[in-house]
Amino acid sequence: MPIIFRSAPFHEPFTFDSLGNNWYQDPVSRPNGYPFYHYLQTETGTGRVEADGKAYLLREGEGILLAPFIRHSYSRESKSWYTLFASFTGTVESVLPRIMENRPVILTGREQGERIASLIENCMALCGKRPLDERALSVNCYSILMTFVDGVHTRKLEQDPLYRQYIAPVIEEIEINYALDLSVADLSRKVFIT
């Protein structure tokens, strides 16, 4: 059950505050959340995560990224539950909410989970070597963060409220009236923007 906590000051743009895998997961309750972006993924078994007023079941290979200070708790649903996890910090940590589009919760499926598990395994190996290659660790950390971004930006546009409010009606108007002389001003008025 390896677990690594950052013990020295950091100078990298992205790095880990904590990192671990093959962790026998005990129940956790954090009424005030965790101070960093925190990722939890099931390696074996099944766990239940309650966050942001919703409940999620994490089966093997599935994970969840929680924004800082989001009230959450988790517990096992199966007899045993082994997880891997990472929490993120760094000199440019303040940009993470924008990168993650200020979403409090991001779920990862098995395909993303496989990539993340492999990267975390590489990070655990890097942490076991001396001297520590902090730059390589930062690059792997960034790679993991970009895996989450893939999930954010590949969700269906049709589910985005701004898309439904502004873009979809304009596309529909163009499709219905394609033979007419449409202007940007006319289309903007349809959705009440300038």
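No experiment lies behind these values; they were computed from the predicted model shown. In this chain, residues are counted from 1 in sequence order.
Val139 and Phe14 fall into different hydrophobic clusters, defined by Ile, Leu, Val, Met, Phe, Trp and Tyr side-chain heavy atoms under 4.5 Å apart, directly or through other members.
No side-chain heavy atom of Ile99 sits under 4.5 Å from any side-chain heavy atom of Leu145. Residues Leu58 and Gln41 form no side-chain contact, since every pair of their non-hydrogen atoms from C-beta on lies 4.5 Å or further apart. Contact annotation: the side chain of Thr15 never approaches that of Tyr142 to less than 4.5 Å [non-hydrogen atoms, C-beta and beyond]. For the pair Ser29/Pro31, a side-chain contact is recorded, criterion being any heavy-atom separation below 4.5 Å from C-beta on. Under the 4.5 Å side-chain criterion, counting only non-hydrogen atoms from C-beta, Cys127 is in contact with Leu137.
Of all non-hydrogen atoms in Gln25 and Arg76, the two that sit nearest each other are O-NH1, 3.2 Å. Of all the heavy atoms in Ala51 and His72, the pair that sits closest is CB-CB, 3.9 Å. Residues Thr42 and Gly47 come closest through the heavy atom pair OG1-N, 4.3 Å. Pro104 and Asp52 make their closest contact through CG-OD2, 3.2 Å (heavy atoms, listed as atom of the first residue, atom of the second, distance). Shown here for Lys79 and Tyr24, the closest heavy-atom pair between the two residues is O-OH, 4.0 Å. Glu173 and Leu187 make their closest contact through CG-CD2, 3.7 Å (heavy atoms, listed as atom of the first residue, atom of the second, distance).
Lys190 contributes atom NZ, which lies 10.0 Å from atom CD of Glu172 (distance to the nearest 0.5 angstrom). Here the straight-line distance linking atom OH of Tyr74 with atom CG of Asp26 works out to 10.5 Å at 0.5 Å rounding. Taken to the nearest 0.5 Å, the CD atom of Glu121 stands 11.5 Å off from the CG atom of Asn140. Note that the OG atom of Ser87 and the CG atom of Leu66 stand 11.5 Å from one another [nearest 0.5 Å]. From Gln112, atom CD reaches atom CG of Leu65 across 10.5 Å, with rounding to the nearest 0.5 Å. Rounding to the nearest 0.5 Å places CD of Glu50 at 14.5 Å from CZ of Arg30.
Under 3.5 Å, the side chains of Asp186 and Ser183 contain a donor-acceptor pair of N or O atoms. Side-chain contact, Ser138 with Glu12: no donor N or O sits under 3.5 Å from an acceptor N or O. Defined by atom type and a distance below 3.5 Å, a donor-acceptor pair is missing between the side-chain atoms of Trp81 and Thr44. Residues Thr108 and Tyr39 bring a donor and an acceptor atom of their side chains to less than 3.5 Å of each other.
A ring-centre distance under 6.0 Å is not found for His38 and Phe36. Taking the six-membered ring for Trp and the full ring otherwise, Tyr37 and Phe88 have centroids separated by 6.0 Å or more. Note: Phe69 and Tyr34 fail the aromatic proximity criterion, with ring centroids not under 6.0 Å apart.
Taking a 6.0 Å sphere around CD of Glu111, one finds it holds 12 or fewer heavy atoms contributed by other residues, nucleotides or ligands.
Remark: the backbone N or O of Asp17 is not paired with any side-chain donor or acceptor of Thr89 at under 3.5 angstrom.
Partners of Glu77 according to the side chain to side chain contact (heavy atoms under 4.5 Å, CB included) rule, which considers only residues two or more places apart in sequence or in another chain, are Thr46, Arg48, Leu57.
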*asked:* The test is side chain to side chain contact (heavy atoms under 4.5 Å, CB included); show your working for Ile64 and Ile106 and say whether it passes.
replied: CA-CA 6 Å; Ile64 188 167; Ile106 297 175; over 6 Å; no

